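Values below: every heavy atom of this structure, side chains too, minus hydrogens, waters and symmetry copies. On a predicted model such as this, the values are computed, not experimentally measured, just so you know.
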Amino acid sequence: MTLENLIALTGAKNMTPGLPLDTQVSCGYTCDLLSWVMAHGKQGMAWITVQTHMNVIAVASLMEMAAVIIPEGIQMEEPSLEKAREEGVAVLQSDKTAFALCARRYTWPPAGTARLAIVPAGGLSHVCGPAHPFLPEPLRR
(Lines give C-alpha, C1' and ligand atoms only; values in the text may rest on other atoms or scores of the structure.)
Protein backbone atom coordinates (compact mmCIF):
# COMPACT_ATOMS: atom_id res chain seq x y z
CA MET A 1 0.00 0.00 0.00
CA THR A 2 1.24 3.50 -0.78
CA LEU A 3 0.61 6.71 1.13
CA GLU A 4 -1.74 7.71 -1.67
CA ASN A 5 -3.72 4.47 -1.12
CA LEU A 6 -3.74 5.05 2.64
CA ILE A 7 -5.06 8.60 2.23
CA ALA A 8 -7.81 7.37 -0.09
CA LEU A 9 -8.69 4.49 2.24
CA THR A 10 -8.87 6.54 5.43
CA GLY A 11 -10.08 9.85 4.04
CA ALA A 12 -7.25 11.48 5.98
CA LYS A 13 -6.01 14.95 5.10
CA ASN A 14 -2.39 15.23 4.00
CA MET A 15 -0.84 17.86 6.27
CA THR A 16 2.53 17.71 4.48
CA PRO A 17 1.72 18.28 0.80
CA GLY A 18 4.65 18.06 -1.53
CA LEU A 19 6.09 14.88 -0.04
CA PRO A 20 6.02 11.79 -2.30
CA LEU A 21 2.75 9.85 -2.16
CA ASP A 22 4.27 6.70 -3.66
CA THR A 23 6.04 5.87 -0.38
CA GLN A 24 5.29 2.27 0.61
CA VAL A 25 3.44 1.64 3.87
CA SER A 26 4.60 -1.76 5.13
CA CYS A 27 2.64 -2.03 8.38
CA GLY A 28 0.89 -0.03 11.08
CA TYR A 29 1.20 0.79 14.75
CA THR A 30 -1.03 2.54 17.27
CA CYS A 31 0.61 3.85 20.43
CA ASP A 32 1.12 7.11 22.32
CA LEU A 33 4.15 6.15 24.41
CA LEU A 34 7.20 7.36 22.47
CA SER A 35 9.70 5.06 24.18
CA TRP A 36 7.48 2.07 23.33
CA VAL A 37 7.26 3.18 19.70
CA MET A 38 11.04 3.55 19.56
CA ALA A 39 11.40 -0.01 20.83
CA HIS A 40 8.79 -1.52 18.50
CA GLY A 41 8.56 0.80 15.51
CA LYS A 42 9.61 -0.34 12.05
CA GLN A 43 10.68 1.21 8.79
CA GLY A 44 7.71 1.93 6.53
CA MET A 45 5.15 2.01 9.35
CA ALA A 46 2.07 4.18 9.47
CA TRP A 47 1.99 5.28 13.12
CA ILE A 48 -1.28 6.43 14.67
CA THR A 49 -0.87 8.68 17.72
CA VAL A 50 -2.64 11.54 19.47
CA GLN A 51 0.73 13.11 20.28
CA THR A 52 1.50 16.15 18.14
CA HIS A 53 4.76 17.60 19.45
CA MET A 54 8.17 17.76 17.78
CA ASN A 55 9.39 14.49 19.37
CA VAL A 56 6.79 12.55 17.36
CA ILE A 57 8.48 13.69 14.18
CA ALA A 58 11.92 12.89 15.62
CA VAL A 59 10.85 9.30 16.42
CA ALA A 60 9.12 8.81 13.06
CA SER A 61 12.21 10.10 11.23
CA LEU A 62 14.61 8.01 13.31
CA MET A 63 12.54 4.86 12.65
CA GLU A 64 12.14 5.79 8.94
CA MET A 65 8.36 5.53 9.18
CA ALA A 66 6.16 6.15 6.17
CA ALA A 67 3.70 8.39 8.00
CA VAL A 68 2.28 9.68 11.24
CA ILE A 69 -1.52 9.69 11.43
CA ILE A 70 -3.18 12.03 13.92
CA PRO A 71 -6.74 10.84 14.75
CA GLU A 72 -9.91 12.48 16.07
CA GLY A 73 -9.42 15.82 14.32
CA ILE A 74 -6.48 16.71 16.55
CA GLN A 75 -4.31 19.45 15.06
CA MET A 76 -0.53 19.18 14.90
CA GLU A 77 1.31 22.41 15.68
CA GLU A 78 2.87 24.23 12.71
CA PRO A 79 6.48 23.93 14.01
CA SER A 80 6.03 20.15 14.14
CA LEU A 81 4.56 20.10 10.62
CA GLU A 82 7.44 22.23 9.37
CA LYS A 83 9.93 19.78 10.91
CA ALA A 84 8.01 16.87 9.33
CA ARG A 85 8.36 18.48 5.90
CA GLU A 86 12.09 19.04 6.50
CA GLU A 87 12.56 15.40 7.58
CA GLY A 88 10.35 13.97 4.83
CA VAL A 89 7.83 12.50 7.27
CA ALA A 90 4.26 12.50 5.97
CA VAL A 91 1.67 13.64 8.50
CA LEU A 92 -1.96 12.73 7.93
CA GLN A 93 -4.90 13.99 9.96
CA SER A 94 -8.23 12.21 10.33
CA ASP A 95 -11.51 12.84 12.11
CA LYS A 96 -11.77 9.07 12.73
CA THR A 97 -10.69 7.44 15.99
CA ALA A 98 -7.49 5.38 16.13
CA PHE A 99 -9.66 2.25 16.41
CA ALA A 100 -11.68 3.18 13.32
CA LEU A 101 -8.50 3.92 11.36
CA CYS A 102 -7.05 0.52 12.22
CA ALA A 103 -10.29 -1.28 11.39
CA ARG A 104 -10.67 0.65 8.13
CA ARG A 105 -7.71 -1.22 6.64
CA TYR A 106 -9.94 -4.26 6.18
CA THR A 107 -12.35 -2.50 3.84
CA TRP A 108 -9.74 -2.54 1.09
CA PRO A 109 -7.40 -5.55 1.11
CA PRO A 110 -5.69 -5.85 -2.27
CA ALA A 111 -3.83 -9.13 -2.66
CA GLY A 112 -0.20 -9.04 -1.66
CA THR A 113 -0.34 -5.89 0.47
CA ALA A 114 0.73 -5.72 4.10
CA ARG A 115 -2.08 -6.07 6.60
CA LEU A 116 -2.72 -3.42 9.24
CA ALA A 117 -4.63 -5.00 12.10
CA ILE A 118 -5.60 -4.54 15.70
CA VAL A 119 -3.63 -7.03 17.76
CA PRO A 120 -3.38 -6.68 21.55
CA ALA A 121 0.24 -6.59 22.68
CA GLY A 122 0.58 -5.26 26.17
CA GLY A 123 -2.54 -3.17 25.68
CA LEU A 124 -1.33 -1.69 22.40
CA SER A 125 -2.21 -2.43 18.79
CA HIS A 126 0.23 -3.29 16.08
CA VAL A 127 1.12 -5.78 13.41
CA CYS A 128 3.65 -6.12 10.64
CA GLY A 129 2.89 -9.03 8.39
CA PRO A 130 -0.07 -11.41 8.11
CA ALA A 131 -3.22 -10.79 10.12
CA HIS A 132 -3.22 -12.48 13.52
CA PRO A 133 -5.07 -15.84 13.59
CA PHE A 134 -7.36 -14.95 16.51
CA LEU A 135 -9.13 -12.27 14.47
CA PRO A 136 -12.56 -13.23 13.11
CA GLU A 137 -12.39 -14.85 9.66
CA PRO A 138 -13.67 -11.79 7.72
CA LEU A 139 -10.83 -9.71 9.18
CA ARG A 140 -8.12 -12.26 8.32
CA ARG A 141 -8.58 -11.97 4.55
Closer than 3.5 angstrom, by distance alone: can the side chain of [X] be matched with the main-chain N or O of [Y] as a donor-acceptor pair?
X     : Y     : value
Lys96 : Thr10 : yes
Trp47 : Met65 : no
Gln93 : Met15 : no
Thr2  : Thr23 : no
Ser26 : Gln43 : yes

Return the [atom1] to [atom2] distance between [X] and [Y], rounded to the nearest 0.5 Å.
X     : Y     : atom1 : atom2 : result
Leu9  : Glu4  : CG    : CD    : 12.5 Å
Thr16 : Glu86 : OG1   : CD    : 12.5 Å
Tyr29 : Met63 : OH    : CE    : 9.5 Å
Leu92 : Ile48 : CG    : CD1   : 10.0 Å
Leu6  : Ser94 : CG    : OG    : 9.5 Å
His40 : Cys31 : NE2   : SG    : 8.0 Å

TODO: Could you tell me which residues satisfy salt bridge (Lys or Arg N to Asp or Glu O under 4.0 Å) with Glu82, sequence neighbours excluded, listed by chain and number?
DONE: none
Open item on the list: Walk me through whether Gln75 and Leu81 qualify under side-chain contact (heavy atoms from CB on, under 4.5 Å).
Closed with: CA-CA 10 Å; Gln75 299 291 316; Leu81 289 172; over 6 Å; no
Residue pair [X] / [Y]: nearest heavy atoms and the distance that separates them:
X     : Y     : value
Thr52 : Glu77 : O-OE1, 2.6 Å
Pro71 : Ala98 : CB-N, 3.8 Å
Met45 : Gly28 : CE-O, 4.2 Å

Give the cluster check for [X] versus [Y]: same hydrophobic cluster or not, with ILVMFWY residues linked at side-chain heavy-atom distances below 4.5 Å.
X     : Y     : answer
Met54 : Met76 : no
Val68 : Leu19 : no
Val56 : Trp36 : yes

Task: Worked verdict on Leu3 versus Val25 for side-chain contact (heavy atoms from CB on, under 4.5 Å) - done: CA-CA 6 Å; Leu3 279 177; Val25 178; 3.9 Å; yes
TODO: Answer yes if the side chains of Thr97 and Glu72 hold a donor-acceptor pair under 3.5 Å, and no otherwise.
DONE: no
Task: Note: Glu78-Arg85 ion pair, threshold 4.0 Å (strictly below) - done: yes
Open item on the list: List the residues meeting side chain to side chain donor-acceptor pair (under 3.5 Å) with Thr49, not counting sequence neighbours, and say none if there are none.
Closed with: Asp32
